[in-house]
Protein chains: 2
Amino acid sequence: MVIQAGAIQAGQAAMLADLERRCIDAGLKMTGPRRIILQVLREAGDHPSVETVHQRAKEFDSSISIATVYRTLNILDDMNLVRRHEFNDNYARFETNLDHHYHVIDVATGEVQEFQDRKLEASIERIAAALGYELVDYKLELHGRKKTG
Amino acid sequence: MVIQAGAIQAGQAAMLADLERRCIDAGLKMTGPRRIILQVLREAGDHPSVETVHQRAKEFDSSISIATVYRTLNILDDMNLVRRHEFNDNYARFETNLDHHYHVIDVATGEVQEFQDRKLEASIERIAAALGYELVDYKLELHGRKKTG
DNA sequence: ATAGGTGCAAATTCTTTGCTATTAA
DNA sequence: TTAATAGCAAAGAATTTGCACCTAT
């Protein structure tokens, strides 16, 4: 099992080029707002809400509207370039690192932590196959309380 | 691996008494609307939305308001007598069988199917312990496309 | 040139809440 | 009797959308 590590940063940096490339290849115009939003997503090591992405984007161009952020994130989600989460059953949060299928949510603080696990991954693929499904995506959320000591 | 089976029905029937008992023990008044909502939840083999629960409840008493359904489901959720899902990132859906931690969602139809898997369960408990968390709940969603043949 | 994108504000959708009347315990 | 609950309608919060103007290609 591998807990979130620094290596992820490199992975994310590599992703931006991939993100922009895929957007362009998909026929999307590379506009100012869009470029900024992609950059914000690349730099996000967390799971920002739409409003958070908007706030961060406005630091680069204060005229960017939240409607554009919503529209852009929906497009990226449709293209599977971003993963949407609803950790708190309240509003959407996004992540760009698509390797993060597993999350632990601290029920006390709401803090979200990623982890990976190869055995789990193997089980999931085996199960999907057994059920007759071609796996498109999967999410595992552990809700727990941090133990002291 | 065990796919959802008829045995679940017996489990759910047993749950209602448990549900009502727990509600009463928690000091909740057992009112008409509440009793009906609990019955609807017991009889639900699916994952109904608030609106669906409301519609079903209205077949027993057309005067039941959706506000009461929202309030009741929130109480049950707080008491962990029901599990809230957001399969479609749009509105909440609920299930009363708390053994159903695993769901496969057909990306084409939205159909939701439960499954169980002991190996997976063991992995999850191991991981929570390794991360230093006391496991409160967990959810696994597989999003896939049904294979033909 | 033009299809696609943007900002703004209004509209939608889901959910919560204030209030008054009602009711289980 | 009385604290909890219900229904109703209004308020909130998150998200989407119509429209007129703008811009990457």
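All heavy atoms count here, side chains included; hydrogens, waters and symmetry mates do not. Below, chains carry the letters A, B, ... as their sequence lines are ordered, and counting in each starts from 1.
Using a 4.0 Å heavy-atom distance criterion, Y91(A) is classed as a sugar-phosphate-only contact. Within 4.0 Å of L28(A), counting heavy atoms only, lie sugar-phosphate atoms of the nucleic acid but no base atom.
If you check dT17(D), dT16(D), dC8(D) against the side chain of R71(A), the one that comes closest is dT17(D).
Here the side chains of L142(A) and I124(B) are in contact, with some heavy-atom distance below 4.5 Å. Residues L41(A) and L76(A) have side chains in contact (heavy-atom distance under 4.5 Å, counting atoms from C-beta outward).
Taking 4.0 Å as the cutoff to heavy atoms of chain A, we find the contact window on DNA chain C bounded by dA3(C) to dC8(C).
E20(A) places its CD atom 14 Å from the C1' atom of dA24(D), with the value rounded to the nearest Å. Between M30(B) atom CE and dA4(D) atom C1' the separation is 12 Å, expressed in whole Å. To the nearest angstrom, C1' of dT5(D) lies 15 Å from CG of N74(B). When rounded to the nearest whole Å, the span between CD1 of I66(A) and P of dT16(D) equals 11 Å. One interatomic measurement links the two molecules: OH of Y70(B) to C1' of dA6(D), which rounds to 17 Å at whole-angstrom precision. Here dT5(D) presents its C1' atom at 11 Å from CD1 of I37(B), a figure rounded to the nearest Å. Between the CZ atom of R34(B) and the C1' atom of dA6(D) there is a distance of 10 Å, rounded to whole Å.
Salt bridge status for K146(B) with E111(B): present, with a side-chain N to carboxylate O gap under 4.0 Å. Using a cutoff of 4.0 Å between basic side-chain nitrogens and carboxylate oxygens, R34(A) and D61(A) are not scored as salt-bridged. Using a cut-off of 4.0 Å between Lys/Arg side-chain N and Asp/Glu carboxylate O, R83(A) and D137(A) are scored as salt-bridged. With respect to the salt-bridge test (charged N to carboxylate O, under 4.0 angstrom), the residues E20(A) and R35(A) qualify.
Under the 3.5 Å distance criterion, the side-chain polar atoms of Y133(A) are left unmatched by any main-chain donor or acceptor of I105(B).
Contact annotation: T68(B) side-chain N/O to dG7(D) OP1/OP2 distance is under 4.0 Å.
Mapping A67(B) and N90(B) onto DNA chain C via the closest heavy atom, the residue that lands nearer the 5' end is N90(B). Between I24(B) and A92(B), the one whose closest nucleotide on DNA chain C sits nearer the 5' end is A92(B).
Remark: nothing in residues 56-64 of chain B comes within less than 4.0 Å of DNA chain C through any heavy atom.
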- [ ] Might you work through the ring-ring contact (aromatic ring centres under 6.0 Å, His included) test for H47(B) and F87(B), ending with a clear yes or no?
- [x] CA-CA 10 Å; H47(B) 309 80; F87(B) 294 132; 5.5 Å; yes
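We find the CZ-CD distance between R84(A) and E86(B) to be 11.0 Å, quoted to the nearest 0.5 Å.
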